[in-house]
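We use all heavy atoms of the structure for the numbers below, so side chains are in, but hydrogens, waters and symmetry mates are not. Start at 1 and go down the list; that is how both ligands and their atoms are numbered.
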Amino acid sequence: MFITFEGPDGSGKSTQIKKTVQQLTDAGWEVVLTREPGGTEISDQIREVIMSMKNKQMSPRTEILLFCSARAQLVDELIRPAVAAGQMVISDRYADSTLAYQGFGHGFDQRVLKDLLDFTTGNLWPDLTLLLDIPPEKGLQRRLSNKLEWNRMDDYQLAFHQRVREGYLSLAKASPERWQVINADQEADKIQAEIMRILQDRLK
Ligand code: TMP
């Protein structure tokens with residue numbers, strides 16, 4: 001089973017994923033955890049280039065292709081073999097981030113991106129995607145107040161992050177059989193309980 005977590009910056013995704021993996025592992029599941037961009041040695045090197053505040057002049061098309069390069073390596077090296085071996089794979093972000101950030105955020109054509117993503121992933125899409133939804137101003141504030149590393153993506157205007165959030169919600173609405181939307185603007189324990197309820201339901 002392949003599960004992805006998506007959400008705007010500062011939605012608390014990473015914390016929730018850590019807790020989720022712990023709970024699943026305690027319950028006896030063998031979980032392969034990864035993240036995007038990154039997750040392999042080559043993909044992590046590409047991540048450095050994408051995120052660096054030194055690269056403020058990076059064009060959005062370059063950005064798309066770098067995210068896809070990092071992803072292709074991750075799929076081929078780690079995700080596809082693990083899924084084929086029957087393992088549970090959880091990824092902190094995946095191809096839907098490109099549809100939300102580069103598609104809705106930067107305004108690139110969704111169909112062109114979808115074709116590119118099919119090629120990038122070899123048509124490997126998640127079985128379940130959990131969207132941690134939060135208004136972008138709260139998410140970015142959370143990143144600032146938690147003193148999390150401020151990267152080149154965080155630095156985009158608030159309007160960009162608003163388009164990303166709306167984009168996520170419309171992707172979820174278009175494929176309700178794959179997406180579950182969780183309100184991430186509430187206490188961490190409540191968010192975690194909702195995630196586990198959804199997972200237990202799916203894993204039955
Ligand atoms: P994160 O590791 O803190 O989630 O940061 C990843 C950043 O990169 C975040 O701002 C979302 C962005 N991103 C894209 O714009 N497109 C993508 O395809 C992916 C995977 C991430």
Task: Sub-4.0 Å atoms of ligand 1 with respect to non-hydrogen atoms of Lys13 - done: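 Taking each heavy atom of Lys13 in turn, ligand 1 has 4 (O) under 4.0 Å.
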
TODO: Using a strict 4.0 Å cut-off to heavy atoms of Thr98, name the atoms of ligand 1 that fall inside it.
DONE: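 Listed by number with element, the hits are 17 (C), 18 (O).
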
Is there a polar contact, in the sense of an N or O pair closer than 3.5 Å, between [X] and ligand 1?
X     : result
Tyr94 : no
Arg35 : no
Asp92 : no

TODO: Decide, yes or no, whether a salt bridge links Arg202 with Asp127 under the criterion of side-chain N to carboxylate O below 4.0 Å.
DONE: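 So Arg202 does not pair with Asp127 through a salt bridge.
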
Task: Short N-O contact, Lys114 and Asp118, less than 4.0 angstrom - done: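 So Lys114 pairs with Asp118 through a salt bridge.
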
- [ ] Look up atom CD1 in Ile50 and atom CE in Met153, then write down how far apart they are to the nearest 0.5 Å.
- [x]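 Going from the CD1 atom of Ile50 to the CE atom of Met153 covers 8.5 Å.
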
Nearest protein heavy atom to [atom], by residue and atom, and its distance?
atom                    : result
atom 4 (O) of ligand 1  : Arg93 NE, 2.7 Å
atom 2 (O) of ligand 1  : Arg47 NH2, 3.0 Å
atom 20 (C) of ligand 1 : Arg71 NH2, 3.5 Å
atom 3 (O) of ligand 1  : Arg143 NH1, 3.8 Å
atom 16 (N) of ligand 1 : Gln102 OE1, 2.8 Å
atom 14 (C) of ligand 1 : Phe67 CZ, 3.1 Å
atom 7 (C) of ligand 1  : Met51 CE, 3.3 Å

Task: Between Thr4 and Thr129, a side-chain donor and acceptor under 3.5 Å - done: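 A donor-acceptor contact under 3.5 Å links the two side chains.
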
Open item on the list: Is it the case that the side chains of Arg93 and Tyr101 hold a donor-acceptor pair, with the cut-off being a distance below 3.5 Å and no angle test?
Closed with: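 Judged by distance alone, the side chains do pair up.
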
TODO: Apply side-chain contact (heavy atoms from CB on, under 4.5 Å) to the pair Leu117 and Trp125, showing each step before the final yes or no.
DONE: CA-CA 9 Å; Leu117 291 169; Trp125 289 84; 3.8 Å; yes

Task: Contact summary for Gln162 and Pro136, nearest pair of heavy atoms - done: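 Distance-wise, the nearest heavy atoms are CG-CG, 3.6 Å.
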
- [ ] Using the test ring-ring contact (aromatic ring centres under 6.0 Å, His included), find all partners of Phe2 that sit at least two apart in sequence or belong to another chain.
- [x]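 Residues passing ring-ring contact (aromatic ring centres under 6.0 Å, His included) with Phe2: Tyr94.
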
Open item on the list: Please classify the Asp9 to ligand 1 contact at 4.0 Å (heavy-atom distances, strictly less than): side chain, backbone, both or neither.
Closed with: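 It is the side chain that gets close, since no backbone atom is under 4.0 Å.
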
Open item on the list: Classify the ring geometry of His106 against Phe160: parallel below 30°, tilted from 30° to 60°, perpendicular beyond 60°.
Closed with: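 Answer is tilted, since the angle falls between 30° and 60°.
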
